[in-house]
S.K.: 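Pasting in a structure now, in structure tokens, and then I'll have a few things to ask.
When reading the values below, keep in mind they use all heavy atoms of this one structure, side chains included, and skip hydrogens, waters and symmetry mates. Chain letters run A, B, ... following the sequence lines, proteins first, then strands; residues in each count from 1.
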Amino acid sequence: MTSNATSHLMRMFEEQHSLEDYQGGVPRWCTGCGDNAILTAVQRLCRDEDLRPEKTVFVSGIGCSSRFPHYMKTYGFHGVHGRALPIAQGIKLARPDLHVFVNTGDGDCCSIGAAHWIHAIRYNMNMTLMLHDNNIYGLTKKQASPTSPIGTKSNTTPRGSYLDAMNPLTVTLGVQNASFVAQAVDWIPDMLYDIISAAFHHKGFSFVRIIQRCPEFMPKAFDPWLNDPQRSLLLTHDDGVRPSPAIAKLYRNQEQHDPADIDRAREIASDAETIPVGILYRNPSIPCYEDIRLAGARRGPGMMRAGLEAEFDKFTIWPDGQQPAA
Amino acid sequence: MNATAAAAVPHRAAVDIQQHIVEIVSDSGEGAQRCGQSLGSIAARMGNGVWTTEIIPAEIQPPARSIAGASGNRIRLGSTSVTNGGDETDLVVAFNEQVLLGRVREGELKPGCVILLESMWREHRDAGIRAAYAETYERLVNDGFRVIEIPMERECLKIVSDARKGKNMWALGMLCCIYSLDVALGCEQVAVALKKKSAKVIEANQKLLQAGFAWAEENLDFKYRIPAIKATEPQVVVNGNTALALGVLASGMEICAMYPITPATSVSHYLSDVFERVGGLVHQAEDEIAAAAFTIGASYAGKCAVTVTSGPGYSLKQEAIGLAVMAEIPMVVINVQRGGPSTGQPTKVEQGDLLTVIYGSHGDAPKVVIAPSGIEDCFYSVITARKIAETFNMVVVVLSDSSLATAQTQFPRPQFDEEWQAPPVDQSPVPAGAKPYDWDEFTGLFQRMVPGQPGGMHTITGLAHDRNSRVAYDPATNEEGLRHRSLKLAALQQTLTTPAVFGGPEGDLLLVGWGSTRGAIEEAVTRLQAEGRSVSSLHLTFLQPMPSGIGEILRRFKHVVTIENNWSDRLSDDIINHDNRRYSALAWMLRGRYLVNVDCWSESRGRPIKPVDICNEVRTRLEKMRGTRA
Ligand SMILES: Cc1ncc(C[n+]2csc(CCOP(=O)(O)OP(=O)(O)O)c2C)c(N)n1
Ligand code: SF4
Ligand SMILES: [Mg+2]
């Protein structure tokens, strides 16, 4: 029998994964749901990067989108509503060797989990977040979300929602330590793949907002953009993503945008009329929280005992003659 | 008293006493805390039992000379080990009369006790202050206190130019004299307490201490000696929160996620200082929900982690705790209770969270709850908690409270045990066909699969799930999960030993307590037994699950009363009767489980329960019992 360690090494070098290796249960999303496109892109990514399934964790909150981990044949953590990020952070800090992904919805991330979202940007831990933004609460059957456009008729806003929609891109770009901000749409799968891939390769907290169609509850929400490709703005750059010639031909509204340019990124993000697709901002020089916190020595043999005895020494009253020499 | 020993003291003989409670109170920033702690340390080094408690004003910078601003320390000195703060104070040193008034109003001073009062206010240039001082002085004297005015400021100014910095050490010297403590040990302690200061500062403070000692020797007409037995084994002197933090260090855990909250914060302050030296870290999260979720993430990934909080924070963590219960992820939660509900009394003690931690989080969420009954217990509880959490894949709550948090006493220095260390994260391949929740039919236990283990890939979920961790809502699967999660408590329960009865195994009255009240209850029982009364006590450390044999113990007594520091309705209120009375937490549980008519006596005064109050209550009850029987 070979030892565990040896068999591990063999697996590491020999194993090549196919798409099926990452396919978990059969997705139970509605037909036409944009989540399916995200799942396909992510499974492709895992295969292309040959991520070891046992070293990969998908963490989610609660919502249609948060069912995502169940459909991956990796480790998965389907948590509670809004708290995927702190769970993912605990995982990453305990185990920096794991690839950590977070799948979250617009309610999960931008409403109940908003505090964690803001702070996750600041922590800048190395993980990829996919915000499945369908502008609505899907799982609970159609209530307005923070990203629902003003006037959205839903079960809690039957005469139309009252407030202007929140813009997750400008919010993210406004927080200290933002290091990767991108946007994709479920209906351009190749670019969706490229953007998630770029996010995965970025070291830091990669925030990818994915405009995701919910045919069940928001069937027409993105029609203006679907019907008029020129209302999308493809962000291209040698340092960013480059659309294929076929896509470039269809989506002719393009801009050479340097992901290092945060001012322009904020301008682009602020335009509510167009949907930018591509990488808005990337700054690889921002340190990751786990690197800062784990910079010291990791626990080694004997360390706990030595440290503990040293602490006890601080508080000890020694009987006469028993105090050890300093 | 021994005649030769008395002759050796020129002015007066030291009176031998078994125990004494002394307080030092001042405005905050005048060093009464340090004076008190140092006194405790010196006495401990001489072999006395000590129990020190902090007197903390509610505000950070209360106005000077204010009744609510009393800051300081209360030290109970004993001939043998001291397990609680005791009754009222026997002797108090006060730097001004207003902070003293605060203590008088709270009923903390023994009638007629000795008050050593800074006298500078009598000649203060502010007429209002002079008048307030004179008036208070008169009143205290009329109330029967033995007030001795002491020119502390004047004496200190002979040595230093700013008496605010040093009066505490002068007072310490005075107290060393009063309690016949070794002045050389006192000087050593000053050096320890001020080790971050320059040699010059230390020297000045030692001079002050000696001067205080000499002044007392010259001018006071009383002196005590509390016979001490020096320990033969090394002892550590820490407060409950430091003990909890040391417990975290010793438990093998590497990650503590927290959000600041009184009175739990000092656990993480100390941990933040030292944890990294042993390869651990404290993560200050953005809120308690994040702290709990972070802890769960780390534990899930193979490193059992701990989160530290108090009431309001615990409430926020409850949903996440339910997730850990449902997904069966080990997790240690330390709850240092404070007065509630809501923001309640942040710095004050209350045992108000017992039912919340046992039954809290919606649905059936079985968790383990351990309540340390003393400072030493705080240390070992955390080690036990991590072990149980990992063995049973459960949430373990360590329920301390603010009276243990800041109380300091000595206990034998723990001997390092290799068993304390956490096992390495299991990264071995999972055998083919193994299921993520392969619940044992008998115990509900299973072997967790941790990320990194080849072949173990699955998605854990807070939704109802089957053995494969697949979401399942069918009735049978739902009950299967509930059953196995519940069985684990029973499996743990089987390993617990029945707690010992303190006192006779049967009798008229059994007092039952849990958590921090142990010392006070057992001291009360000792006194009552000395009066010939048939009283015993039982103290519970495991509250969930409860060990076997408790019902049998309860039934051996004619009456059973829990003693708790929390709210229970008083039958003396007109509309309260046996149908609507809300009992104290433990009483509810004992009544429900053992079908014994358990009564309760509780206080929610924001301070530790005193043995004297328990004694009085018990005497009244026993008299009543005798009356009804006659
Ligand atoms: C604490 C809590 N509050 C509310 C819910 C109910 N809930 C579940 S999912 C959800 C909203 C989901 O919307 P979103 O995050 O946008 O995900 P989607 O279903 O649209 O993918 C809500 C309110 C819950 N599960 N937990
Ligand atoms: S309700 Fe909407 S978001 Fe949910 S699965 Fe159906 S289409 Fe997708
Ligand atoms: Mg949504």
S.K.: What part of B/Ile460 lies closer than 4.5 angstrom to a heavy atom of chain A: side chain, backbone, both or neither?
M.R.: both
S.K.: Please step through side-chain contact (heavy atoms from CB on, under 4.5 Å) for the pair A/Ile317 and B/Val236, ending with a clear verdict.
M.R.: CA-CA 6 Å; A/Ile317 301 175; B/Val236 288; over 6 Å; no
S.K.: Would you check, one step at a time, whether the test salt bridge (charged side-chain N to carboxylate O under 4.0 Å, His left out) holds for A/Glu309 with B/Arg413?
M.R.: CA-CA 10 Å; A/Glu309 299 289 5; B/Arg413 175 175 166 137; 2.8 Å; yes
S.K.: Check whether A/Phe58 gets within reach of chain B through its side chain, its backbone, both or neither, counting any heavy atom under 4.5 Å.
M.R.: neither
S.K.: Can you tell me if NZ on B/Lys435 sees more than 12 non-hydrogen neighbours from other groups inside 6.0 Å?
M.R.: no
S.K.: Given a strict heavy-atom distance threshold of 4.5 Å, which part of A/Val80 is in contact with chain B: side chain, backbone, both, or neither?
M.R.: both
S.K.: Any side-chain heavy-atom pair from B/Val237 and A/Phe315 closer than 4.5 angstrom?
M.R.: no
S.K.: Report the option among B/Gly279, B/Gly280, B/Ala257, B/Gly297 that has the most heavy-atom pairs separated by less than 4.5 Å from atoms of chain A.
M.R.: B/Gly297
S.K.: How close do A/Gly307 and B/Val278 get, counting heavy atoms only, and between which atoms?
M.R.: CA-CG1, 3.5 Å
S.K.: With sequence neighbours excluded, tell me which residues meet salt bridge (charged side-chain N to carboxylate O under 4.0 Å, His left out) with B/Asp417.
M.R.: none
S.K.: Is B/Met449 in contact with chain A via its backbone, its side chain, both, or neither, using a 4.5 Å heavy-atom distance?
M.R.: both
S.K.: A/His78, A/Met72, A/Lys55: which one forms the most heavy-atom pairs within less than 4.5 Å of chain B?
M.R.: A/His78
S.K.: Main chain of B/Gln427, side chain of A/Glu54: is a donor-acceptor contact present, judged purely on distance under 3.5 Å?
M.R.: no
S.K.: Kindly indicate whether the side chain of B/Phe294, heavy atoms from C-beta on, has any atom under 4.5 Å from the side chain of A/His116.
M.R.: no
S.K.: Between A/Arg95 (side chain only) and B/Ala298 (backbone N and O only), is there a donor and an acceptor less than 3.5 Å apart?
M.R.: no
S.K.: Does any heavy atom of chain B fall under 4.5 Å from the side chain of A/Gln323, the backbone, both, or neither of them?
M.R.: neither
S.K.: Could you check if a side-chain atom of A/Thr56 sits within less than 4.5 angstrom of a side-chain atom of B/Met457, using non-hydrogen atoms only?
M.R.: no
S.K.: Count the heavy atoms of every other residue, nucleotide or ligand shown that sit under 6.0 Å from OH of B/Tyr259, and state whether that count exceeds 12.
M.R.: no
S.K.: Measure A/Gln89 against the heavy atoms of chain B and call it side chain, backbone, both or neither at under 4.5 Å.
M.R.: both
S.K.: Between A/Gly321, A/Ala115, A/Pro86, who has the most heavy-atom pairs with chain B when the cutoff is under 4.5 Å?
M.R.: A/Pro86
S.K.: Is the distance between the ring centroids of A/Phe77 and B/His458 under 6.0 Å?
M.R.: no
S.K.: For B/Tyr300, is it the side chain, the backbone, both, or neither that has a heavy atom closer than 4.5 Å to a heavy atom of chain A?
M.R.: side chain
S.K.: Could you tell me which portion of B/Phe411 (side chain, backbone, both or neither) has an atom closer than 4.5 angstrom to a non-hydrogen atom of chain A?
M.R.: neither
S.K.: Around atom NZ of A/Lys141, are there more than 12 heavy atoms from other residues, nucleotides or ligands closer than 6.0 Å?
M.R.: no
S.K.: With a 4.5 angstrom heavy-atom cut-off, is it the side chain or the backbone of A/Lys92 that approaches chain B, or both, or neither?
M.R.: neither
S.K.: Heavy-atom distances under 4.5 Å only: say whether B/Arg277 touches chain A with side chain, backbone, both or neither.
M.R.: both
S.K.: Does a donor on one side chain and an acceptor on the other come within less than 3.5 Å for A/Glu311 and B/Tyr270?
M.R.: yes
S.K.: Is any side-chain heavy atom of B/Glu418 less than 4.5 Å from a side-chain heavy atom of A/Arg305?
M.R.: yes
S.K.: Is the side chain of A/Arg293 donor-acceptor paired with the backbone N or O of B/Val282 at a distance under 3.5 Å, no angle test?
M.R.: yes
S.K.: Between A/Arg83 (side chain only) and B/Ala290 (backbone N and O only), is there a donor and an acceptor less than 3.5 Å apart?
M.R.: no
S.K.: Please classify the contact between B/Glu233 and chain A as side chain, backbone, both or neither, with a heavy-atom cut-off of under 4.5 Å.
M.R.: backbone
S.K.: Need one label for B/Pro414: side chain, backbone, both or neither, based on atoms under 4.5 Å from any heavy atom in chain A.
M.R.: both
S.K.: To check you understand the geometry: which heavy-atom pair defines the closest contact between B/Gln284 and A/Tyr123, and what is its length?
M.R.: O-OH, 3.9 Å
S.K.: Under a 3.5 Å distance rule, please check whether A/Arg52 uses its side chain to pair with a backbone N or O of B/Pro454 as donor and acceptor.
M.R.: no
S.K.: Counting only N and O atoms by type, is there a donor-acceptor contact under 3.5 Å from the side chain of B/Thr459 to the main-chain atoms of A/Pro69?
M.R.: yes
S.K.: With chain A, which of B/His283, B/Arg45, B/Arg470, B/Lys230 has the greatest number of heavy-atom pairs at distances under 4.5 Å?
M.R.: B/His283
S.K.: Before you tell me yes or no, could you show the steps for B/Gln235 and A/Trp318 under side-chain contact (heavy atoms from CB on, under 4.5 Å), namely the whole-Å CA-CA distance, both residues' side-chain angles and the distance that decides it to 0.1 Å?
M.R.: CA-CA 7 Å; B/Gln235 309 278 311; A/Trp318 296 98; over 6 Å; no
S.K.: What part of B/Ala250 gets within 4.5 angstrom of chain A, counting heavy atoms only: side chain, backbone, both, or neither?
M.R.: both
S.K.: Can you say whether A/Arg67 sits under 4.5 Å from chain B via the side chain, the backbone, both, or neither, judging by heavy atoms?
M.R.: side chain
S.K.: What are the two closest non-hydrogen atoms of A/Leu98 and B/Gly452, and how far apart are they?
M.R.: CD2-N, 4.3 Å
S.K.: Answer with side chain, backbone, both or neither: which region of A/Asp313 has an atom nearer than 4.5 Å to a non-hydrogen atom of chain B?
M.R.: both
S.K.: Working to the nearest 0.5 angstrom, can you tell me the gap between A/Ile91 CD1 and B/Ser299 OG?
M.R.: 10.5 Å
S.K.: Calculate, to the nearest 0.5 Å, the distance between atoms CD1 and CG belonging to A/Ile62 and B/Leu463 respectively.
M.R.: 5.5 Å
S.K.: Look at A/Arg122, A/Met304, A/His119 and state which one has the largest set of heavy-atom pairs under 4.5 Å with chain B.
M.R.: A/Met304
S.K.: Heavy-atom pairs under 4.5 Å with chain A: which of B/Glu276, B/Glu254, B/Gln410 has the most?
M.R.: B/Glu254
S.K.: Do you know which of B/Val471, B/Val430, B/Ile296, B/Val450 has the most heavy-atom pairs under 4.5 Å to chain A?
M.R.: B/Val450
S.K.: Is chain A contacted by the side chain of B/Val192, its backbone, both, or neither, given a heavy-atom distance below 4.5 Å?
M.R.: neither
S.K.: Sort B/Thr242 into side chain, backbone, both or neither according to what part of it lies under 4.5 angstrom from a heavy atom of chain A.
M.R.: side chain
S.K.: Within this structure, what is the CD-NE2 distance for the pair B/Glu319 and A/His81, rounded to the nearest 0.5 Å?
M.R.: 9.0 Å
S.K.: Do you know which two heavy atoms are closest between B/Leu246 and A/Leu308, and how far apart they sit?
M.R.: O-CD1, 3.9 Å
